[in-house]
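All remarks here apply to the structure that follows.
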Amino acid sequence: MKRALLALALVVSISAFTTDAPVYQDPSRPLAERVEDLLGRLTPDEKISLLHQSQEAIPRLGLPYHKNGTEALHGVGWSNDHGDGWKQKFASGTIFPQAVGLASTWNPELIKRVGAATGDEVRGYAAENPELWGTQVWAPVVNLLRDPRWGRNEEGYSEDPLLTGAISTAYGKGLSGDDPVYLKTAPVLKHYLANNNEYQRSLTSSNLPPRVKHEYDEAAFKPAISADAATGVMGSYNLVNGRPNTVNPDQDEVVRTWTDKVLYNVSDAWAPQALYQVENYYPDEPTSYAATLKAGQDSFTVDGMNTAPMTASIKAALERGLITQADIDTAVRHVLSIRIRLGHADPGGGPYAKITKEVVDSPAHRALNRRTAAEAMVLLRNDGRLPLDQDRTRSVAVVGPLQDRLHRDWYGGALPYQVTPKRALAERAQVTGLDALDRVALRHTATGKYVTASADLAQAVTVGADRTTAAQWDLTDWTGGVSTLRNAASGKLLTGNGGTFLANSDEPDGWFVQQQFRFEKQGDGSYLIQYAGYEVNESWWSIPEPYLTVRADGTLAMGAKADAARFAMEVVSDGVKQAVEAAKGADAAVVVVGSHPFVAGREVHDRADLTLGASQLRLIEAVQRANKNTVVVLETSYPVTVTAKALLWTTHAGPETGHAVADAIFGEINPAGRLTQTWYRSGDLPDILDYDITKTGMTYLYHRGDPLYAFGHGLSYTTFGYQGLKVTNDGQVSVRVTNTGSRAGDEVVQLYTHQQRSRVVQPVKQLRGFQRVSLRPGESREVRFTLKKEDLALWDVTRGRWTVESATHDVLVGGSSSAIRQRATLQVAGERIPPRELSKPTRAIDFDDYKGVRLVDLSKERGEAVGGKAGDWLAFKDSRLGSTFTAQLASVTGGSVEVRLGSPTGRLLGTLQAPATGDVYTYATAMTPITPVRGVHDVYLVFTGDVRVGTFTLA
């Protein structure tokens with residue numbers, strides 16, 4: 001490799017002084033010419049090599065080694081080291097707030113600066129080691145936060161597509177840089193499409209009716225692509241309407257229509273192999289790789305740095321006629337376009353090659369981190385005690401499991417330093433800090449001995465000692481009933497370790513996070529302890545719901561619940577009691593509680609509910625009773641069901657988290673962050689796999705209940721008044737906003753609309769614009785928005801296109817979706833959607849309503865159909881129909897579909913028998929006469945057997 005790099009350096013050096021450089025190395029030539037010139041110089045094998053995530057250097061052409069996929073979600077996270085066996089290596093640069101925290105600023109201008117700083121640091125790391133730190137970055141994540149139980153909630157921005165689009169565009173613009181041609185980094189949007197559950201993510205299908213698909217899920221991805229703030233998308237693991245996203249043709253046929261720039265789409269890790277290994281969608285690897293390429297993905301994220309298996313499969317696909325050389329050339333053009341824009345073909349490496357490692361964790365970036373963490377802080381509740389008076393607050397009790405700890409997340413880098421809440425508050429007052437954890441001893445009821453850690457970290461944890469310090473454990477009850485146990489003697493966490501338990505971990509970490517446990521109290525007061533490491537969800541795991549057992553030699557093991565050992569939990573010291581004593585003697589108390597980014601939900605693991613740990617809730621209640629000046633700081637990656645009299649929320653916001661917390665508590669900053677998703681009152685939510693928000697009532701768009709905290713919610717230390725809302729006929733909206741309080745502060749002015757009448761179910765309200773404005777006490781500002789007519793369009797399923805209905809729209813302005821301060825109406829001249837003409841071919845998926853059906857793939861390549869079983873139905877409202885029912889049907893064993901009028905049990909017009917086609921992808925056309933009716937009616941297709949319907953006519 002060193003020889004190859006030397007040869008590359010020599011080629012670049014010579015090229016720099018050559019007047020007749022090849023077209024592809026000439027920055028003055030158009031990009032398309034450079035791409036075609038370079039493509040024409042590549043051998044067939046070199047072209048195939050460029051389809052892999054790990055692209056070896058081509059010294060004869062001056063192309064350096066390149067790897068895809070540096071993680072840069074909220075700062076530079078990590079990458080895989082081509083020079084060290086593809087090992088994961090963490091950055092130690094600026095770590096900004098988690099993505100959901102970035103969006104909580106509602107400040108695109110600021111987030112563009114965050115993206116620019118992250119892009120600079122990617123380049124800084126690449127300047128030091130370009131083989132490790134590739135400049136194609138896998139960020140931002142734009143999956144909508146439809147369900148807060150999603151294990152990766154921290155990675156997304158919002159449940160709203162407009163806000164997600166604005167923040168992702170800003171971050172992507174910052175990552176990309178401002179050069180009209182060259183890229184600072186090449187951002188890739190994750191994960192296309194409708195990826196909001198981790199449970200069996202490679203097997204579950206997100207059922208998206210056309211309106212949800214177009215108006216909601218696609219709407220989150222389109223803005224950044226349309227604004228040239230991203231250079232491609234990554235296909236997600238899940239299926240959409242029965243087809244794996246790895247072979248979703250929309251990546252090619254839809255996403256690429258959103259821009260005139262060349263996109264470079266990539267697969268997720270292992271996803272092309274999943275097509276045949278677990279999804280059984282294709283029979284083998286060559287077929288899977290060919291389908292992936294033809295669907296519009298240009299890069300295979302497979303086999304680490306080993307390109308040989310992919311190369312063999314691509315060549316086999318060529319030989320079998322599954323793909324052509326033209327298919328490969330198309331993908332390689334996309335690769336080369338982005339690589340040339342990254343400067344890989346320029347003698348000097350392009351304009352961003354001058355950035356050096358000095359930018360990493362610079363003082364300017366630290367200051368930006370602190371500002372961003374502060375702007376993301378959300379004041380959820382305040383009974384008047386915040387901000388604390390600095391002059392009257394000389395002593396502070398800082399208590400809770402997060403009072404003196406900061407944690408990284410899976411897609412974040414290593415923290416270069418830590419300013420914890422305790423440390424930051426100690427800069428302003430005399431501080432007493434306590435984790436306020438219960439220290440417990442776990443006595444095995446069968447033997448009377450205690451769970452004890454060995455001084456040798458490599459030795460197994462046993463049951464076989466008295467209640468020594470090594471037999472005592474600090475219990476942290478995080479969220480969703482999942483806890484960790486830290487040994488009092490060694491400070492190490494109890495760890496599953498595949499079944500022989502050790503106490504050897506500093507933090508919950510790793511892919512399987514083997515430091516997680518659930519305590520189940522029994523009728524006799526003892527506990528069963530369930531092991532909750534994430535590997536228990538893997539298909540190869542052999543013990544369903546494993547519990548701690550005790551072997552004959554006294555070591556802990558895992559077994560079935562029936563064999564679980566019972567443990568008495570003896571409290572050695574009461575953390576809540578200690579916190580109360582500290583709070584009583586202090587001028588104020590700050591309770592810092594929340595989640596751990598690796599515990600009770602993360603990649604490949606969703607949450608069961610939204611509850612904060614019971615011990616943390618007890619801590620809040622007890623300290624509030626002990627000290628009237630108690631402030632609760634909630635640090636989580638997702639909504640939880642908790643309230644307090646004075647409550648500040650932050651994500652895990654990086655090294656400057658503590659400063660942001662202290663600045664907010666003492667009023668040095670006035671909190672103005674706003675929630676980007678609904679915080680529901682309980683975890684009693686619909687099935688996480690049901691993606692149809694129009695029916696489940698999820699997100700503020702369709703939720704009609706009373707949430708704990710509404711979308712857009714956030715309080716301030718000042719107050720704001722709204723006056724004089726004006727709406728013109730051409731959609732110009734203006735409102736006067738005044739700071740009516742005594743403190744300077746920011747208001748996030750939010751514009752919503754609601755269409756009063758429509759052919760379809762409309763959102764309760766929908767965000768149409770927002771502005772974060774800073775106002776001094778008494779200052780007023782006129783805030784303006786433009787409502788474009790096309791922004792009010794809906795997807796008309798009757799004609800398969802966007803349309804604007806003639807309607808009256810409520811125009812709503814305020815400080816959150818639940819705090820509307822001014823109202824007006826806007827008359828919009830559009831059209832009335834005409835009755836359906838079912839005499840024309842109609843896609844079954846273009847229904848108006850349904851019950852029980854599955855949305856499925858018409859064929860493996862493209863198209864959508866509806867699968868139903870007995871009792872399922874589809875409704876087609878306001879339709880004209882004829883006297884013959886003709887349908888494209890597939891059924892393995894045969895079935896039938898009824899045509900009924902007015903309701904699923906209404907008048908039967910006829911029954912169409914579906915022939916047994918033997919395969920779900922083999923369709924036959926069937927026909928039957930039906931009773932003719934005149935006029936416009938609601939028509940129902942009722943399934944009476946297992947049938948798939950592609951298209952149909954009632955002519």
Side-chain angles (χ1 to χ4, degrees), residues 104-111 113 163 166 367 370-393 428 588 629 631 645-650 659-676 709-728 732-752 767-787 811-824:
S104 298
T105 67
W106 292 61
N107 188 343
E109 291 181 5
L110 176 64
I111 301 311
R113 291 182 57 193
L163 179 58
R370 182 169 179 170
R371 177 187 167 184
T372 307
E375 287 208 17
M377 191 78 59
V378 181
L379 180 60
L380 292 175
R381 290 193 67 186
N382 189 16
D383 64 353
R385 69 187 65 185
L386 278 172
L388 297 180
D389 188 327
Q390 180 73 71
D391 294 333
R392 296 182 180 179
T393 310
R428 296 165 170 82
N629 288 324
V631 177
K645 295 179 180 179
L647 182 60
L648 279 163
W649 174 72
T650 176
H659 276 145
V661 167
D663 290 346
I665 286 174
F666 281 107
E668 292 184 27
I669 62 106
N670 189 344
R674 300 292 185 262
L675 296 180
T676 68
Y709 304 111
F711 173 82
H713 171 74
L715 304 178
S716 173
Y717 296 154
T718 189
T719 54
F720 299 95
Y722 288 70
Q723 309 91 28
L725 175 64
K726 298 177 182 178
V727 182
T728 65
Q732 300 303 309
V733 179
S734 63
V735 67
R736 191 169 183 81
V737 181
T738 303
N739 184 338
T740 56
S742 59
R743 288 177 176 267
D746 289 3
E747 172 72 321
V748 179
V749 184
Q750 300 166 42
L751 170 67
Y752 297 87
L767 184 70
R768 300 299 186 180
F770 62 90
Q771 291 185 38
R772 180 166 176 153
V773 296
S774 299
L775 297 171
R776 299 184 301 275
E779 182 182 6
S780 296
R781 183 175 305 172
E782 189 171 59
V783 179
R784 296 178 178 274
F785 301 96
T786 298
L787 271 175
V811 179
L812 314 167
V813 178
S816 83
S817 64
S818 64
I820 302 303
R821 307 293 296 279
Q822 293 274 288
R823 297 172 179 266

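Computed from heavy atoms alone, side chains included, the values below leave out hydrogens, waters and symmetry copies.
Closest non-hydrogen pair, Ala374 versus Ala660, comes out as N-CB, 3.7 Å. Closest approach of Val735 and Gln723 over heavy atoms only: CG2-O, 3.5 Å. Counting all heavy atoms, side chain and backbone alike, Glu747 lies closest to Val737 at CG-CG1, 4.4 Å. Summarising the geometry of Arg823 relative to Leu812, their closest heavy-atom pair is NH1-CD2, 3.4 Å, with the distance given to 0.1 Å. Among all heavy-atom pairs drawn from Pro671 and Tyr717, the shortest one is CD-CE1, 3.4 Å. Across all their heavy atoms, Pro777 and Arg743 have their closest contact at CG-C, 3.6 Å.
Using a distance-only test at 3.5 Å, with no hydrogens or angles considered, a donor-acceptor pair links the side chain of Arg781 to the main chain of Ser774. Checking side-chain atoms of His713 against main-chain N and O of Leu380 turns up a donor-acceptor pair under 3.5 Å. A side-chain donor-acceptor contact under 3.5 Å links Arg821 to the backbone of Phe720. Asp383 contributes a side-chain N or O that, together with a main-chain N or O of Arg385, makes up a donor-acceptor pair within less than 3.5 Å. Put simply, the side chain of Asn670 gets close to the backbone of Ala744: a donor and an acceptor are under 3.5 Å apart. Within the 3.5 Å criterion, the main-chain N or O of Leu725 finds a donor-acceptor partner in the side chain of Gln822.
Counting heavy atoms from C-beta outward, Phe785 and Gln771 have side chains that approach closer than 4.5 Å. Two residues are said to be in side-chain contact when any heavy atoms from C-beta on lie closer than 4.5 Å; Thr393 and Asn629 fail this criterion. A 4.5 Å side-chain heavy-atom check between Val378 and Thr650 finds every atom pair outside the cut-off. Side-chain atoms of Leu386 and Leu648, non-hydrogen and from C-beta on, do get closer than 4.5 Å to each other.
Ser716 and Thr718 share no side-chain donor-acceptor pair at under 3.5 Å.
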- request: Would you check, one step at a time, whether the test side chain to side chain contact (heavy atoms under 4.5 Å, CB included) holds for Phe770 with Arg674?
  value: CA-CA 11 Å; Phe770 62 90; Arg674 300 292 185 262; over 6 Å; no
- prompt: Stepwise, does the salt bridge (charged side-chain N to carboxylate O under 4.0 Å, His left out) test hold for Glu375 with Arg371?
  reply: CA-CA 6 Å; Glu375 287 208 17; Arg371 177 187 167 184; 2.9 Å; yes
- prompt: Given Thr105 and Ile111, is the side chain to side chain contact (heavy atoms under 4.5 Å, CB included) satisfied, shown in steps?
  reply: CA-CA 8 Å; Thr105 67; Ile111 301 311; 3.6 Å; yes
message: One pair to check against salt bridge (charged side-chain N to carboxylate O under 4.0 Å, His left out): Arg772 and Asp746. What are the steps and the verdict?
response: CA-CA 6 Å; Arg772 180 166 176 153; Asp746 289 3; 3.0 Å; yes
- request: Could you give me the CA-CA distance, side-chain angles and deciding distance for Asp663 and Arg428, then say whether side chain to side chain contact (heavy atoms under 4.5 Å, CB included) is met?
  value: CA-CA 10 Å; Asp663 290 346; Arg428 296 165 170 82; 2.3 Å; yes
- request: Evaluate the criterion side chain to side chain contact (heavy atoms under 4.5 Å, CB included) for residue pair Leu767 and Gln750; output intermediate values, then yes/no.
  value: CA-CA 7 Å; Leu767 184 70; Gln750 300 166 42; 4.2 Å; yes
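Legend: residues meeting ring pair (Phe, Tyr, Trp, His ring centres under 6.0 Å) with Trp649, ordered by chain and number and at least two apart, are Trp679. Residues passing the side-chain contact (heavy atoms from CB on, under 4.5 Å) test with Ser734, sequence neighbours excluded: Lys726, Glu782, Arg784. With sequence neighbours left out, the side-chain contact (heavy atoms from CB on, under 4.5 Å) criterion links Thr740 to Thr719, Thr738.
To the nearest 0.5 Å, atom CG of residue Leu787 and atom CG of residue Leu751 are 5.0 Å apart. With rounding to the nearest 0.5 Å, the separation of OH in Tyr752 from OG in Ser818 is 8.0 Å. For the atom pair CG (Leu675) and OH (Tyr709), the distance works out to 9.0 Å, reported to the nearest 0.5 Å.
Ring pair Phe711/Trp106 is tilted by interplanar angle, where 30° to 60° counts as tilted.
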